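Single-structure report; data block below.
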Amino acid sequence: MVESKREVLSSSEVVDPYVTALTQFDVAADHLGLNESMRQYLRNNQRELVVHLPLRMDDGSIEVFWACRVQHNWSRGPCKGGIRYHPDANLDEVRALAMWMSWKCSVANIPYGGGKGGIKVNHKKLSRHEAEGLARRYAVAISPVIGPDVDVPAPDVGTDAQTMAWIADAYSATQGRWTPAVITGKPISLGGTVGRDAATGSGIMYVVQEAARRRGLSPSSTTVAIQGFGNAGQWSARLLAGKGFQVVAVSDTSGGIHNGQGLDIEAAIAQKNNSGRVTDYPKADRITNEELLTLPVDILVPAAFENQITAANAPAVKAKIIAEAANGPTTPEADRMLNDSGVIIIPDILASAGGVVVSYFEWVQNRSGMYWDEKEVSNRLEQVMTRAFQEVAAVSEREKLTMREAALILGIRRVVEATELRGMRP
Ligand code: GLU
């Protein structure tokens with residue numbers, strides 16, 4: 001359930017995600033009137049650990065993998081954020097993703113700072129034995145800087161519940177005790193929570209419902225296209241279809257499928273799980289990822305990678321609402337163009353927060369030892385997502401800002417407040 005090979009998606013303009021993150025920050029910092037020292041503090045990451053991991057491969061050779069864990073800011077609590085496996089993983093990308101996690105946790109108002117990890121690896125080429133070895137190596141290498149009160153990793157592109165289980169086990173071995181709260185997104189039998197797998201998609205469903213309601217769109221006459229068919233894309237498709245929305249197109253790295261009458265999402269997911277390619281689904285037309293982004297639909301959900309909606313394709317986007325399930329899918333220039341043409345963009349740091357919110361619920365359950373049922377998880381998630389949406393919408397209306405600007409300002413303002421209250425000293 002992961003996406004890879006982002007280069008075959010529609011990126012035609014090379015934008016460093018860290019430049020995007022810093023540009024967004026600078027605009028919000030100007031609006032908030034932040035002083036120079038606070039700007040410097042928040043533009044940089046508090047800690048960046050780079051490690052090189054030797055791994056014995058099945059053929060007996062040893063390969064060395066580049067990996068890192070970046071902690072952007074811990075003023076509001078332990079750092080939180082996923083671990084990404086990708087052949088193109090690099091420090092600047094992880095820096096951007098860590099900074100976005102700070103704002104995301106703050107917008108959702110959960111008590112965490114932001115962090116992210118990455119390993120430069122094509123995980124699809126690893127055997128299960130090699131994948132386990134790599135996850136354990138990584139856990140031990142970053143063990144000095146993670147922990148339930150320090151930094152709590154989770155899944156991201158290329159990693160899943162099994163990866164989390166290996167990391168939890170290896171980290172626990174370094175501590176001499178079982179420490180499930182060091183990581184979230186674990187299998188349920190190891191202290192994972194019900195609802196974590198679906199969480200990012202559930203969050204997308206809540207914000208899309210809220211945006212559609214405000215725009216006067218009724219689900220049954222509202223069409224949706226989803227780019228990316230990993231965890232976030234599949235669950236968004238399934239849950240939106242479940243609420244009556246017409247999901248007419250989805251895509252993965254093999255390309256896209258389109259059926260104006262609506263796709264059978266369960267069949268498309270089964271197809272993806274079977275052959276690894278959603279494009280093997282029979283009852284639809286084949287389209288490219290580029291075509292998917294510019295389909296005449298009401299709602300577009302980019303659920304793949306950074307830099308997918310660019311200055312080159314933004315003028316052709318026809319959706320009225322974009323709900324960003326991926327982190328950083330829209331470049332700043334494309335963002336400006338879409339805003340000018342009246343498209344409502346529900347930004348990543350709000351729309352994709354469902355995953356980390358349910359991660360927070362998992363961490364709370366691990367620490368209290370009391371486990372919740374599905375209803376409790378989904379009720380609480382709905383509450384958090386709806387409140388966050390309403391708070392961002394209120395700032396946007398009051399201060400005449402886009403939803404993205406409003407979310408950044410709300411998120412950054414809370415981090416600034418916590419930083420000032422704590423002071424910038426040890
Ligand atoms: N990787 C997810 C994200 O980008 C979830 C992070 C988490 O649960 O800590 O939001």
Side-chain angles (χ1 to χ4, degrees), residues 1-3 17 21 69-74 76-86 89 93-119 142 146-148 150-161 163-164 167-168 180-187 191-193 195-204 207 228 230-236 302-306 323-329 346-366 377 381 384-385 388 407 411:
M1 297 243 296
V2 289
E3 294 302 318
R69 183 74 190 170
V70 172
Q71 296 164 349
H72 171 255
N73 185 280
W74 54 73
R76 301 182 77 254
C79 295
K80 188 86 192 78
I83 299 164
R84 175 171 293 200
Y85 284 10
H86 198 279
E93 179 188 42
V94 179
R95 284 173 168 148
L97 292 163
M99 181 183 275
W100 284 326
M101 286 310 300
S102 290
W103 315 147
K104 193 187 290 192
C105 293
S106 178
V107 167
N109 216 354
I110 53 176
Y112 290 135
K116 203 84 174 196
I119 304 185
I142 66 167
I146 62 171
V150 184
D151 182 1
V152 184
D156 195 76
V157 174
T159 57
D160 58 15
T163 322
M164 302 304 110
I167 293 176
V182 69
I183 201 159
T184 58
K186 298 178 293 294
T193 181
R196 177 62 186 83
D197 201 33
T200 308
S202 307
I204 288 290
V207 297
N231 171 285
Q234 290 185 20
W235 278 104
S236 300
F305 282 108
E306 300 94 69
E324 296 181 337
N327 293 300
I346 314 170
D348 46 6
I349 57 170
L350 168 63
S352 75
V356 73
V357 170
V358 177
S359 275
Y360 166 53
F361 298 161
E362 179 174 334
W363 179 82
V364 168
Q365 293 170 72
N366 292 154
V377 171
L381 176 61
V384 173
M385 292 304 297

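Order of listing sets the numbers, starting from 1, for every ligand and every atom in it. Everything numeric in this text was worked out from a predicted model, so none of it was measured.
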(Q) I need the contact residues for ligand 1: any residue with a non-hydrogen atom closer than 4.0 Å to the ligand, ordered by chain then number. (A) K80, G81, G82, M101, K104, K116, A154, P155, D156, R196, N327, G355, V356, S359

**Q.** Separation of L381 CG from F361 CZ (nearest 0.5 Å)
**A.** 6.0 Å

Q.
So, using salt bridge (Lys or Arg N to Asp or Glu O under 4.0 Å) as the criterion, who are the partners of R196 when residues are at least two apart?
A. none

Q: Quick one: list whatever passes side chain to side chain donor-acceptor pair (under 3.5 Å) with T200, sequence neighbours left out.
A: none

Q) NZ/K116 to CG/D156 distance, rounded to the nearest 0.5 angstrom? A) 3.5 Å

Exercise answer: donor-acceptor pairs, residues 349-356 side-chain atoms, under 3.5 Å, sequence neighbours excluded:
| from | atom 1 | to | atom 2 | distance (Å) |
| --- | --- | --- | --- | --- |
| S352 | OG | K104 | NZ | 2.8 |
| S352 | OG | D348 | O | 2.7 |

**Q.** Nearest-0.5 Å distance, NZ of residue K80 to CD1 of residue I183
**A.** 7.5 Å

